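Step one of this worksheet: look at the structure below.
Sequence lines set the chain letters: A, B, ... in the order given, protein chains first and strands last, and positions in each chain run from 1. Computed from a prediction, not measured in an experiment: that's the story for all the values here.
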There are 2 protein chains.
Amino acid sequence: MNIGDAAAASGISAKMIRYYEEIGLIARADRTASNYRTYSMEAVHSLRFIRRARELGFSLEETATLLKLWADKSRTSAAVKSVASAHVVELERKIAALQDMLATLKHLVDGCDGNERPDCPILNDLAGEGQRACCHGEHDATQKET
Amino acid sequence: MNIGDAAAASGISAKMIRYYEEIGLIARADRTASNYRTYSMEAVHSLRFIRRARELGFSLEETATLLKLWADKSRTSAAVKSVASAHVVELERKIAALQDMLATLKHLVDGCDGNERPDCPILNDLAGEGQRACCHGEHDATQKET
DNA sequence: CCTTGACCTTCCCATGATGGGAAGCCTTAC
DNA sequence: GTAAGGCTTCCCATCATGGGAAGGTCAAGG
C-alpha cells in the first residue's frame, strides 16, 4: 500500500502522513526498493486513530500520548481518562472564552443600526469611547486615558 | 513616548507593535535622531483599538478593515455591522464545533471507569472499534477492515 | 521500446499571531 | 565613566497544515 492509498484509507493527507513520521508520531514506514513508503492495514489503523483524536480536538502531543496508551496493553483506563479529562477542561475553557466574545459582540451588533450613517456603537466600543458595556456596567471599565 | 511606554499604555507588547507596523496594520512610527520609535497618544489610541478588536476575536485582517472604517468619517454603520456580523457567524461556527467535540468527549469520559484496568471506551472510540456513538448508531460505520 | 500521466521522493516556503533571544546601540542616573 | 536598562534589527520557534518545484518511478498503451 503506497502513501496515497493509505491517505485515502485513513482520511489523512499524504503530506501529513510524512510529517507525522518526521516528528515521530508514527513509526518510520518501510520502503520499497525504489524508496516508496509502504503501509500495512495496521499502520492505516493507527492513522485512523490519529484522525479521530484530531477530530476530537486533541493536539498532536496529546494524540501521541493516547497512541502510546493504546499500544500499551498494561495501561490503566485512569491514565487515558486523565488525558481526556484535561482536554475536556481545555475545551470548556475555550468555549467559555468564545462565548464571552460572542455575547459582547452580539450586543454591539444588536445596537448598531446598520444604515448609511457613520454612527456606530461597534466602533465606539473598539475605540473605548463608550466605556464598554454601555447599559449594564460590568466587565472592567479601566480604559479611560489621554 | 517610546515603544515601551506605548506598550504599557496600550496593553500590546513592544514586539507586537513592531510587527503591526511591519505588516502595515499601523503607520510607520516617527523616529528620534537615534532611531527610536516615538508614539503619540493618538497612536496609543489606535493600539488600544486593535487590542480591543483582538479581545473580541477579530483577526488582524478584520482588525485592519475596522481600523480603516474607524478612520473613514464617511463610513456607513452598515459596513461596520457587516464585518462584525460575519465574525459573529464565525464565532458561532467555532463554538458549535467545539461543543460537538466536547459532547462526544464527555460521553466517552463518562463511560470510562478510570481505574487500574486497561479497558477503556475512550481508546475504543479512537480505535474505531466501537463503531463510534455506541448507543445510537449514526455517523459512518465504515471502518472495519484487515 | 518509448511515451505519457499519475504517482512517489525530498526540500523549501507560507500561513497567523505571538514570544524568545542575541548582538549591538542609546540613554539615564549615579 | 560606568552600569543598568531600553531600544534597534535579525533570526528562530511555535502548531498543524498546505503549496509547489525538481526529479525519480511505475503502469498502461501505442
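A salt bridge does not link B:Arg37 to B:Asp30: none of the charged side-chain nitrogens sits closer than 4.0 Å to a carboxylate oxygen. In summary, B:Glu92 and A:Lys106 engage in a salt bridge, as defined by a charged side-chain N under 4.0 Å from a carboxylate O. Between B:Glu21 and B:Arg18 there is no salt bridge, since no side-chain N of the basic residue sits under 4.0 Å from a carboxylate O of the acidic one.
Atom CZ of B:Arg18 and atom C1' of D:dC11 are 14 Å apart (whole Å). In this structure, CD1 of A:Ile3 is placed 20 Å from P of D:dG24, rounded to the nearest angstrom. One interatomic measurement links the two molecules: CD1 of B:Ile23 to C1' of C:dT15, which rounds to 13 Å at whole-angstrom precision. Atom OH in A:Tyr39 sits about 14 Å away from atom C1' in C:dC7, given to the nearest Å. Here the P atom of nucleotide C:dC7 and the CG atom of A:Asn2 are 10 Å apart, to the nearest Å. Nucleotide C:dG19 holds its P atom 11 Å from the CZ atom of B:Arg54, rounded to whole Å. Distance, B:Arg31 CZ to D:dT8 C1': 8 Å, rounded to whole Å. Regarding B:Lys15, its NZ atom lies at a distance of 10 Å from the C1' atom of C:dA22, rounded to whole Å.
Between A:Ser34 and D:dC26, a side-chain N or O to OP1/OP2 separation shorter than 4.0 Å is present.
Evaluated for a side-chain contact (heavy atoms from CB on, under 4.5 Å) with B:Phe49, the options B:Leu67, B:Val44, B:Ile26 yield exactly one hit, B:Leu67.
Taking for each of A:Tyr20 and A:Tyr36 the nucleotide of DNA chain D with the nearest heavy atom, the 5'-most of the two is the partner of A:Tyr20. Along DNA chain C, the nucleotide nearest to B:Phe58 and the one nearest to B:Ala33 differ in position, and the one closer to the 5' end is contacted by B:Phe58.
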Please assess A:Ser77 against B:Asn115 for the test side chain to side chain donor-acceptor pair (under 3.5 Å), listing each intermediate value before the final yes or no. CA-CA 6 Å; A:Ser77 67; B:Asn115 57 21; 3.1 Å; yes
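Among the atoms of the strands shown, only primed sugar atoms or phosphate atoms (P, OP1, OP2) are found under 4.0 Å from some heavy atom of B:Ser59. A:Ser13 comes within 4.0 angstrom of the backbone, heavy atoms only, and of no base.
B:Tyr19 contributes no side-chain N or O that forms a donor-acceptor pair with the base of C:dG16 under 3.5 Å.
Here C:dT9 is the nucleotide among C:dT9, D:dT25, D:dT17 with the atom lying nearest to any side-chain atom of A:Arg37.
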